[in-house]
Structure formats: C-alpha cells, structure tokens
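The structure appears below as structure tokens.
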Amino acid sequence: MSAHARLGIAPDNWSEVRKIAESEGCERREIVPNRTDAGRNKPINIDLPTAVKGTIPKHRQNLLKWNGWGYKDSQFRLNDKQMLEFTGTRYNIGNQILPYFTAWVKDVFDLDLSKPVASQPLPQVFPDPVVTPELIDCLQKENVEYSTDGVDRLVRAHGHTLREIFLLREGTFPRIPDVVVWPKSHADVEKIVKICAKYRLACIPFGGGTSVSGAASCPEFETRTIVSLDTTQMNRILWIDRENLLICCEAGIIGQDLERELRSHKLTVGHEPDSYEFS
Ligand SMILES: Cc1cc2nc3c(=O)[nH]c(=O)nc-3n(C[C@H](O)[C@H](O)[C@H](O)COP(=O)(O)OP(=O)(O)OC[C@H]3O[C@@H](n4cnc5c(N)ncnc54)[C@H](O)[C@@H]3O)c2cc1C
C-alpha cells in the first residue's frame, strides 16, 4: 500500500522566486521527467525508507475534535463582548478578536450570535462491536494492533460531508465500525485482508477521514463485521527520486507530514488541497 507523487524544488523564499520569474517573463510549466526508467522498480536515487513522525496520534480524538474539523485547541469562540475569537496558537488568527469576521458572519449567514447552538456531548454508550473471539485471536496472533473502543470506532465512522458533521453534532450514525486495526506495513495490510476474506468481514480503509463524498461512512445495513483499516501508522517515505522529482511513500502519510519532511530535503509536493493537514 503505497503512493507515488510528483515533486517540485522548494526554494527558501517562494515570493522572491516568483518575482524573478515574472520579471524575466517566465510562464508556468509542468516539469516533465527526462528519464523513462523512473518508477517503483528502478528508482534512480533511492533513499532508505524514512520513518516519519506522524502528527496525528492513533487515538486521534486526543488531538482532534471528535465532532468537527481540525484541532481541539483551535476553534471559533464567542467572547463576552459578542465578538468572535479564534483560540490556540497554531494559526495566524490564533488568540485574536475578529471584529470584521464577526460582522461578516452576521451579515452573510444572518446569524444571531446571542443564540449559540451547542453540539451534543460525546456519546458515552456505543453499539456493541460485532467481533468474534476467533477474529480477536487472529489479530493478536498476527500481531496487528486493534481497538474495539467506542470512540475509536465512532471517529472512523464518517468523513466530512455536511450530513456526517450534522449527525455527529445532532444525531447518531446508524452503523459504526466494529473494530479498528492499525497496520504498520504493507505485509500487515495483506494479513488483515486475508483475515477479512477468511471470516467474510467488510473492510473500510481510513486515511484522514476527510472524504466529502460519503465514501468513508459505513453502509447502514451492513450485517458483516466492519473492520476499519486505519493507515496512519503506515507513513514512511520509501524513496525519493531527485532526478525525476518523484517520491514513493506509504499510503497513510498525511499532507502536512509529507510536506514537512520534503522541505527538509528542499523539495515540495507543490499541491495543497485545503484538507492537506489531515488527509
Ligand atoms: C475542509 C476540506 C477541504 C478539502 N479540500 C480538498 C481539496 O482542496 N482538494 C481535493 O481534492 N479534496 C479536498 N477535500 C476532500 C478530501 O480531503 C480528499 O478527498 C482527500 O483526498 C481524502 O483523503 P483522506 O486521507 O482523508 O481519505 P479518507 O476520507 O480517509 O478516505 C476516502 C475514501 O478512500 C478510501 N481509502 C482511504 N485510504 C485508502 C487506501 N489506502 N486504499 C484504498 N482506499 C482508501 C476510504 O475507505 C474512503 O472510501 C477536502 C475535504 C475537506 C473536509
């Protein structure tokens, strides 16, 4: 389970580079690999697999909101003067009062800030996981980390569609995974898939859970055991081909970790989807 991506060179100062390029009348151009033998089987400059320190912990609810987007410590808050503030120090707007944003929100969304709508609290009771002793035995024998904890399962029951966020805050999911597994390697994934095939289980991979298509949610009427295969512990960079600006990494690496590591090699993915911190 790995992914390839096209890279770019990361200069120390992008704005300088842009200014110079514009002053010289340069146009944007795609970098085309100049060798045809690049690829998984014949990487030109192999870096040994690099273990990457993942930002998101296995129990992601310890760092991230269980019922919305992003970090727990970073959120909009209404202060006692009825002004919106943003908490935390991760972002430029952290710990700042936002009068223009407050006015904009009122105006555009017609919000009455004196009537905040609170989310329901984190559930304390969850559906019993449908797992057999044989399955648990198998996972233990294969040395695959797993959890049947309710919150671990809930936070992997969904992506980030409006409906899913609404259900988190106001409703319940008709179906959540029964067990979460954390493979550490491609070989672990193979073991898990074999176990799922042997016991006829449904397996749903989970990366960052940022899907906005509903693809990360559990089918409501699924009667088989649902195994959520969380890829976050598979986040190594396997190789970097500097000549052709290609990288191969394990499937669970998230955008911010990949970009941080690449910057240390003066490289960049050069692609920043809005969800790249977590997907
Ligand atoms: C605020 C926000 C901003 C966004 N901005 C952008 C954007 O700018 N551009 C853009 O393209 N998208 C954007 N998206 C959509 C979303 O982030 C992307 O689709 C992202 O690629 C999903 O990655 P993920 O790791 O979170 O996948 P997940 O949500 O974990 O999974 C998505 C689907 O892929 C499956 N899956 C996950 N990993 C694997 C695997 N290793 N093998 C096979 N199947 C797998 C899952 O089972 C699920 O069906 C945004 C979403 C949000 C919430």
Side-chain angles (χ1 to χ4, degrees), residues 1-6 40 52 54-61 63-72 74-76 86 90-91 93 144-145 147 152-169 173 175-197 201-220 222 224-238 247-260 268-279:
M1 235 188 191
S2 59
H4 296 72
R6 175 75 54 78
R40 187 171 169 196
V52 173
T55 303
I56 310 301
K58 270 200 309 199
H59 302 285
R60 47 197 301 117
Q61 61 274 20
L63 182 71
L64 304 179
K65 292 177 196 132
W66 71 272
N67 60 352
W69 179 255
Y71 297 102
K72 280 191 202 176
S74 304
Q75 56 184 306
F76 291 104
F86 196 78
R90 293 175 193 274
Y91 304 99
I93 57 169
V144 172
E145 281 187 82
S147 168
D152 284 337
R153 291 155 54 213
L154 173 67
V155 297
R156 291 170 182 82
H158 61 86
H160 276 76
T161 63
L162 192 57
R163 178 177 182 274
E164 288 163 322
I165 299 301
F166 179 79
L167 281 180
L168 277 172
R169 297 177 64 88
F173 287 103
R175 188 76 170 89
I176 66 173
D178 296 296
V179 57
V180 178
V181 293
W182 286 278
K184 291 199 195 72
S185 63
H186 183 92
D188 278 354
V189 174
E190 287 183 343
K191 285 182 205 165
I192 292 162
V193 171
K194 279 186 187 147
I195 293 171
C196 290
L201 317 176
C203 181
I204 304 181
F206 184 91
T210 68
S211 162
V212 283
S213 68
S217 60
C218 299
E220 182 173 351
E222 180 58 71
R224 294 172 295 175
T225 295
I226 298 181
V227 177
S228 174
L229 187 156
D230 182 312
T231 57
T232 53
Q233 306 307 299
M234 293 177 59
N235 66 346
R236 291 179 309 161
I237 294 177
L238 300 178
I247 186 171
C248 178
C249 41
E250 289 179 324
I253 195 163
I254 57 168
Q256 62 168 308
D257 292 340
L258 177 58
E259 196 60 29
R260 186 190 64 235
T268 178
V269 176
H271 168 61
E272 279 188 21
D274 286 347
S275 60
Y276 102 116
E277 276 179 290
F278 307 113
S279 67

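Reckoned from all heavy atoms, side chains included, excluding hydrogens, waters and symmetry mates. Each ligand, and each atom within it, is numbered from 1 in the order the structure gives.
Using a 30° and 60° split on the angle between ring planes, Tyr71 and Phe278 fall in the perpendicular class, above 60°.
Contact detail for Gly159 and Ala216: the closest heavy-atom pair is N-CB, 3.8 Å. Smallest separation of non-hydrogen atoms from Arg90 and Ser74: CD-OG, 3.4 Å.
Against a heavy-atom cut-off of under 4.0 Å, Ser279 is close to the following atoms of ligand 1: 20 (C), 23 (O), 24 (P), 25 (O), 26 (O). Below 4.0 Å from some heavy atom of Val212 lie the following atoms of ligand 1, by number and element: 15 (C), 51 (C), 53 (C). Listed by number with element, the atoms of ligand 1 under 4.0 Å from a non-hydrogen atom of Ile204 are 47 (O). Ligand 1 places these atoms under 4.0 Å from at least one heavy atom of His160: 53 (C). For ligand 1, the atoms lying closer than 4.0 Å to a non-hydrogen atom of Pro273 are 6 (C), 7 (C), 8 (O), 9 (N). Atoms of ligand 1 found under 4.0 Å from any heavy atom of Ser211, numbered from 1 in the order shown, are 29 (O), 32 (C).
The shortest side-chain heavy-atom distance between Asp152 and Gln61 falls under the 4.5 Å cut-off. In this structure the side chain of Ile254 never reaches within 4.5 angstrom of the side chain of Asn235, judged on heavy atoms. Using a 4.5 Å heavy-atom cutoff, the side chains of Phe173 and Leu168 are in contact. Contact annotation: the side chain of Gln233 never approaches that of Asp188 to less than 4.5 Å [non-hydrogen atoms, C-beta and beyond]. Residues Ile204 and Pro219 have side chains in contact (heavy-atom distance under 4.5 Å, counting atoms from C-beta outward).
Within the 4.0 Å heavy-atom criterion, the part of Trp69 lying near ligand 1 is the side chain and not the backbone. Contact annotation for Ala251 and ligand 1: only side-chain heavy atoms (C-beta onward) come within less than 4.0 Å of the ligand.
Residue Gly209 has at least one nitrogen or oxygen atom sitting less than 3.5 Å from a nitrogen or oxygen atom of ligand 1, judged on distance alone.
Closest heavy-atom approach to atom 49 (O) of ligand 1 among the candidates Gly214, Gly207, Ala215: Ala215. Taking all heavy atoms of Ser228, Ser275, Pro205, Ala216 into account, the minimum distance to atom 46 (C) of ligand 1 is reached by Pro205. Considering each of Thr210, Ile254, Asp274, the one bringing a non-hydrogen atom nearest atom 26 (O) of ligand 1 is Thr210.
Side-chain atoms of Thr161 do not come within 3.5 Å of backbone N or O of Val212 as any donor-acceptor pair. In this structure a side-chain-to-backbone donor-acceptor pair under 3.5 Å is present from Glu259 to Val269.
In terms of protein heavy-atom proximity, atom 25 (O) of ligand 1 is nearest to Gly208 N, 2.9 Å. For atom 40 (C) of ligand 1, the closest non-hydrogen atom of the protein is Met1 CE, 3.8 Å.
For the pair Gly159 and ligand 1, no heavy-atom separation below 4.0 Å is found.
Of the protein's heavy atoms, at least one falls inside 4.0 Å of atom 9 (N) of ligand 1. The nearest protein heavy atom to atom 30 (O) of ligand 1 is closer than 4.0 Å.
For the residue pair His160 and Glu164, no side-chain donor N or O sits within less than 3.5 Å of a side-chain acceptor on the partner.
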